[in-house]
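Chain naming here is simple, since letters A, B, ... match the order of the sequence lines and numbering starts at 1 in each.
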Amino acid sequence: MKITAIRGFRDILPDESDLWQIVASQARTSFSTYGFSEIILPILEKTELFARAIGETTDIVEKEMYTFTDRDESSLTLRPEGTASVIRSYIEHSLHQKEPVSKLFYIGPMFRRERPQKGRYRQFHQIGAEILGRDDALIDAELLLMLNDFFTALRLDVSIDVNSLGCSTCRPQYREHLRTFGESKFAALCENCHGRLQRNPLRILDCKEEGCRHATSDAPVLADFLCDPCRQHFGQVQALLQNEQVKITVNSRLVRGLDYYCRTSFEVLALGLGSQNAVCGGGRYDGLVEQMGGPAIPGIGFAIGVERLAMLLQAQERQDSTVPDVFIVPVGEAAESQAFAVARRLRRDGYRIELESGRRSLKAQMRRADKLAVPYVLILGENEITAGKGTVRDMRTKADRSLAVDLSTSAQDMMNAIRAPSAQLADLSRPPEGNQHKAKSEV
RNA sequence: GUGGGUGUAGCUCAGCUGGCAGAGCACUGGGUUGUGGCCCCAGGGGUCGAGGGUUCAAACCCCUUCACUCACCCCA
């Protein structure tokens with residue numbers, strides 16, 4: 001019986017993992033320009049943390065958490081999201097007393113026991129960012145701006161959907177209006193929405209059913225119910241972003257799942273992800289820190305789904321950053337130790353070197369060099385070893401330069417010799433497939 | 001948790017009414033004694049997801065089960 005990865009968990013193999021590196025390093029770069037620092041959090045927390053932060057009646061807490069009993073009978077949970085841990089840490093270390101505003105980001109795995117499907121895994125990864133300590137519109141706008149910068153830097157053309165969910169004074173009123181409205185349209189709504197009407201009426205606004213969309217087309221709009229402070233806040237956020245020409249779409253039907261969101265809420269949707277089409281979701285959560293036993297400190301944050309983002313980037317063309325600079329071909333076993341030493345010397349200077357086996361035919365080695373799209377091959381055969389000089393083949397011009405590289409010189413000198421005439425030929429591109437140029441011989 | 005689809009070589013997939021397990025790509029060697037892409041030849045690689053049943057004979061028919069996948073729900 002073959003052992004395989006468990007359901008909903010998966011390996012990220014090298015051709016995908018380099019994409020992850022790009023995403024993670026871009027996040028670090030983009031976020032640091034906005035003054036964010038990385039926080040590294042435990043993956044395991046007390047179950048109570050998530051139950052309180054996310055909400056006892058949410059799907060996540062009710063049926064999706066990996067919860068187990070530790071040897072001392074305490075209940076532990078593999079984190080299903082990151083915000084709760086950030087808040088716990090923020091309160092635990094009294095960060096609010098050390099600085100007026102905390103800007104934190106994290107990257108790591110999250111766990112939810114859902115049925116897997118395209119873009120949804122039981123272990124998935126999020127890049128999240130949180131700003132704690134300020135509730136003014138400037139902060140909301142700054143966070144959205146940063147998000148926009150991040151996606152732009154990855155050359156993804158996305159639009160951010162934004163809405164205001166109001167606060168504890170204005171939302172309950174709207175909620176009741178919407179429920180009354182929904183009950184008046186009861187017959188036209190789907191079965192799911194009948195349940196939503198009881199549990200969370202706002203959810204009927206983003207139902208995918210055609211009938212429900214039609215029935216709710218003239219539903220009351222949340223924006224009309226916002227209290228003055230909320231209305232003003234949301235207006236400022238929009239104005240700030242419009243001044244910066246950030247592409248946002250006000251979507252009055254945008255509602256977010258987790259209990260703690262209020263005021264500014266947003267998500268980034270993308271095509272090509274199947275029905276799990278949100279790459280990023282977030283919003284403001286002003287009462288949460290206090291609710292978790294900390295001081296009354298406002299917060300806002302978002303989480304980006306790394307798998308989904310990687311899927312989007314995969315669809316784009318990518319350049320392979322792992323192509324070796326030089327491919328070393330020892331011909332015969334006798335040449336291997338010399339080749340080994342040369343490879344070592346070049347690598348120590350930071351060059352990417354691929355070393356083949358002298359036991360394989362020259363032809364086979366060349367075939368692989370071609371496959372890797374290597375620009376230069378350094379051939380070390382009998383003649384080269386006795387002369388102490390390597391032969392270079394420029395794979396693009398197909399030109400050999402016999403014994404052109406003195407193997408006793410420094411790595412830098414060897415590289416200069418290997419690349420010598422390539423400066424003039426820098427823009428020479430690889431000929432198209434099937435092209436039958438004759439090899440030029442030189443020297 | 002609920003539905004649909006699919007499981008055959010490393011990958012993508014053929015395989016008819018049951019009758020010797022196949023192709024393309026990839027990999028390895030050779031054609032070219034020390035030189036890549038195209039072409040040609042050869043080779044390695046399979047518990048046909050698993051278990052049971054029917055049959056002289058099952059990848060194929062029946063039952064059970066597992067996995068993967070897409071969608072609902074929910075969410076990143």
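Base contact: A/N383 has a heavy atom under 4.0 Å from a base atom. Within 4.0 Å (heavy atoms only), A/I379 reaches at least one base atom of the nucleic acid. No contact: A/E307 has no heavy atom under 4.0 Å from any strand.
There is a side-chain donor-acceptor pair under 3.5 Å between A/Q26 and A/S30. Looking at A/D140 and A/T264, their side chains do bring a donor and an acceptor atom within 3.5 Å of each other. Between the side chains of A/D406 and A/S408, at least one donor-acceptor pair of N or O atoms lies under 3.5 Å. With 3.5 Å as the limit, one finds a donor-acceptor pair spanning the side chains of A/Y34 and A/D149. A donor and an acceptor atom, one from each side chain of A/Q117 and A/S275, are located under 3.5 Å apart.
Closest to the side chain of A/A303, out of B/A76, B/C27, B/C72, is B/A76. Across B/G31, B/G29, B/A76, the shortest atom-to-atom separation from the side chain of A/K363 is found for B/G31. Taking only side-chain atoms of A/R360, from C-beta outward, the nucleotide of B/U35, B/C74, B/U28 with the closest atom is B/U28.
Within 3.5 Å, no donor on the side chain of A/R113 pairs with an acceptor on the base of B/C74, nor the reverse. Remark: the A/R120 side chain and the B/C73 base include a donor-acceptor N/O pair separated by less than 3.5 Å. The base of B/G1 has none of its N or O atoms less than 3.5 Å from a complementary donor or acceptor on the side chain of A/R115. For A/Q365 against B/G34, no side-chain N or O and base N or O form a donor-acceptor pair under 3.5 Å.
Proximity of a side-chain donor or acceptor of A/R263 to a complementary backbone N or O of A/G283 within less than 3.5 Å is not detected. A/R308 places a side-chain N or O within donor-acceptor distance of the main-chain N or O of A/A278, the cut-off being under 3.5 Å.
Remark: B/G18 base-pairs with no nucleotide in the shown strands. Criterion, Watson-Crick or G-U wobble with two distances under 3.5 Å.
Taking the six-membered ring for Trp and thresholds of 30 and 60 degrees, A/F105 and A/F31 have ring planes more than 60 degrees apart, a perpendicular arrangement.
Of the residues in residues 326-343 of chain A, not one places a heavy atom less than 4.0 Å from an atom of RNA chain B. Remark: nothing in residues 44-53 of chain A comes within less than 4.0 Å of RNA chain B through any heavy atom.
Aromatic pair A/F9/A/Y121: centroids not less than 6.0 angstrom apart.
Here the separation of B/G45 from B/U32, taken at their C1' atoms, is 27 Å to the nearest Å.
In this model, the phosphate group of B/C72 is approached by a side-chain N or O of A/Q117 to a distance below 4.0 Å at OP1 or OP2. Contact annotation: A/R112 does not reach the phosphate of B/C74 (side-chain N/O to OP1 or OP2, under 4.0 Å).
When each of A/G281 and A/A5 is assigned the nucleotide of RNA chain B with its nearest heavy atom, A/A5 is the one assigned upstream, toward the 5' end.
A/E209 CD to A/N192 CG: the interatomic distance, rounded to the nearest 0.5 Å, is 7.5 Å.
At whole-Å resolution of the value, CZ in A/R368 and C1' in B/U28 are 13 Å apart.
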